[in-house]
J.: 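Submitted below is the structure of interest, expressed as structure tokens.
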Number of protein chains: 2
Amino acid sequence: MASRSDTPTPEGPRARATRLRRETILDAALELFGEVGFRAASLREIAARAEISHPGVIYHFATKEELLLAVLERRDADVSERFHLESSDGVTVLRNFVALADVNAHNRLVVELYVTVSAEATDPSHPAHDYFVDRYTRVVTSARTALADLQGRGLLVDPDLDLDLAARELVAVIDGLQLQWLLHPGQVRLADGVRAHLRRIATIDV
Amino acid sequence: MASRSDTPTPEGPRARATRLRRETILDAALELFGEVGFRAASLREIAARAEISHPGVIYHFATKEELLLAVLERRDADVSERFHLESSDGVTVLRNFVALADVNAHNRLVVELYVTVSAEATDPSHPAHDYFVDRYTRVVTSARTALADLQGRGLLVDPDLDLDLAARELVAVIDGLQLQWLLHPGQVRLADGVRAHLRRIATIDV
DNA sequence: CCTACCGATCGGTAGG
DNA sequence: CCTACCGATCGGTAGG
């Protein structure tokens, strides 16, 4: 059985060194996957950035594919820890969408990773294809549930709003603005764009 | 001087064969660039799909980079021939955005190409980086000009709409929905999403 | 976690 | 527009 998170097993110096090394590799991989995508990224370049040999990377992550999934899962864990996109209060969820856009606007590497790899993963043979199909199902469902909550509370500008369409539009605005933000840095206001979109749909403060 | 387009120089059988061969190569390249991106696409695989040797591809397009730009330019020429995104009538321009989304919804290969390569090209070292930076400047400007026209004619829901933000949002909705459409085919209504977005902004029929 | 290595594949060139 | 070839680079393995 795993140790409780409030009384973790003490981490020895060896385990700590391994964990830090893995973090360094994940940092380098996130960076390169974002720059050139998964397929064009080489383990040797990731290894060089992590200051390790390329079989050293494979010692920690058995395959390049496993490394990509580890990068994505680490990021997911980080986001679900800091944001609550599963709350039952729709207003909270929508505010968290804006807050997440705001955080992303200060983390170009993460935005590059998601924009580049999600696009690459539209191909069914891509190793992260299933991951992104599931991810978008979850995110769109979360947006739809939030909007339905607002609809029930009379907080929508148009009470007959097409919730499926609107949920996908909200997610689309976030993704599309991120792409433009990468192409035209300094000219795109990520969080403002999402906020403006939400204000047009709901009579809430975001 | 080039021959007038209404009285073209007669095309000999040799020139015709060359043109058709180039079209075949461009078709194969569009397909593979869309599937795996520019960097991961190989000239050998493109050549195989065009049923030619890979030096044969290079005979027609000197480098892989030149081939990518030729694919994008052919597509641009096709779109600017069939749609008028530079009209001075804002309503026409916005209707053409919807019509273009509708056409794209029947051409998965083209959507894959733009979603995948535009994301990949956010990297400044990508051969199509400048192309996409310019392209988005043009498209966003076109949307902004159209919205400004509507504003002047009192056709906006919110007369104080932030035009820069709204123009980028419109383009973002189109791009974001295309990504979702590739990930969740059959569940995303591309043209409907763009139409719904426009109806929320302007009091026009689209 | 390193060095040395494997077979496969890459973009592009030479020569015809 | 083909065949044959070049040097470079790839993901992953063997052995320590």
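In what follows, every chain begins at residue 1, and chains take the letters A, B, ... in the order their sequences are listed.
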J.: Would you verify whether the NZ or CZ of B/Arg21 falls within 45 degrees of the ring axis of B/Tyr59 while also being under 6.0 Å from that six-membered ring's centre?
T.: no
J.: Scan residues 58-70 of chain B against DNA chain C and write down, sorted by residue number, each residue with any heavy atom closer than 4.0 Å; if none is found, say none.
T.: B/Ile58, B/Thr63, B/Lys64
J.: Can you tell me how far OG1 of B/Thr24 sits from CD1 of B/Ile46, rounded to the nearest 0.5 angstrom?
T.: 13.5 Å
J.: Both A/Arg44 and A/Thr18 contact DNA chain C. Taking the nearest nucleotide for each, which residue is further toward the 5' end?
T.: A/Thr18
J.: Counting only heavy atoms from other residues, nucleotides and ligands, does the tally under 6.0 Å from CD of A/Glu23 exceed 12?
T.: yes
J.: Enumerate the residues from residues 23-43 of chain B whose closest heavy atom to DNA chain C is under 4.0 Å, giving them by residue number; use none for an empty result.
T.: B/Ala41, B/Ser42, B/Leu43
J.: Checking salt bridge (charged side-chain N to carboxylate O under 4.0 Å, His left out) for the pair A/Asp27/A/Arg74: CA distance, chi angles, key distance, verdict?
T.: CA-CA 10 Å; A/Asp27 290 342; A/Arg74 182 181 65 160; 3.0 Å; yes
J.: A/Lys64 side chain to A/Ala41 main-chain N or O, any donor-acceptor pair under 3.5 Å?
T.: yes
J.: Could you verify whether a donor N or O on one side chain and an acceptor N or O on the other, from A/Asp89 and A/Ser87, lie under 3.5 Å apart?
T.: no
J.: For A/Ala40 and B/Arg39, which heavy atoms make the closest approach, and how far apart are they?
T.: CB-CB, 3.5 Å
J.: For the atom pair CD (A/Glu120) and NE2 (A/His126), what is the distance rounded to the nearest 0.5 Å?
T.: 3.5 Å
J.: For B/Gln187, give me all partners under side-chain contact (heavy atoms from CB on, under 4.5 Å), at least two apart in sequence or on another chain.
T.: A/Arg168, B/His184
J.: Going by side-chain contact (heavy atoms from CB on, under 4.5 Å), name the residues that satisfy it together with A/Arg16, two or more places apart in sequence or in a different chain.
T.: A/Glu11, A/Arg19, A/Leu20
J.: In terms of the angle between their ring planes, are A/Phe33 and A/Phe38 parallel, tilted or perpendicular, with boundaries placed at 30° and 60°?
T.: tilted
J.: Go through it in stages, so that I can follow the logic: the residues are A/Trp181 and A/Val115, the test is side chain to side chain contact (heavy atoms under 4.5 Å, CB included), and I'd like the CA-CA distance, side-chain angles, deciding distance and then a yes or no.
T.: CA-CA 11 Å; A/Trp181 180 70; A/Val115 167; over 6 Å; no
J.: Show me the dot-bracket string of DNA chain D, counting Watson-Crick or G-U pairs under 3.5 Å, with | for pairs to another strand and [ ] for crossing ones.
T.: ||||||||||||||||
J.: Are the side chain of A/Ser80 and the backbone N or O of A/Asp76 linked by a donor-acceptor pair below 3.5 Å?
T.: yes
J.: How would you give the extent of chain B contacts on DNA chain C, as first and last nucleotide 5' to 3' within a 4.0 Å heavy-atom cut-off?
T.: C/dC10 to C/dT13
J.: Tell me which of B/His54 and B/Glu51 sits closer to the 5' end of DNA chain D, going by the nucleotide each one is nearest to.
T.: B/Glu51
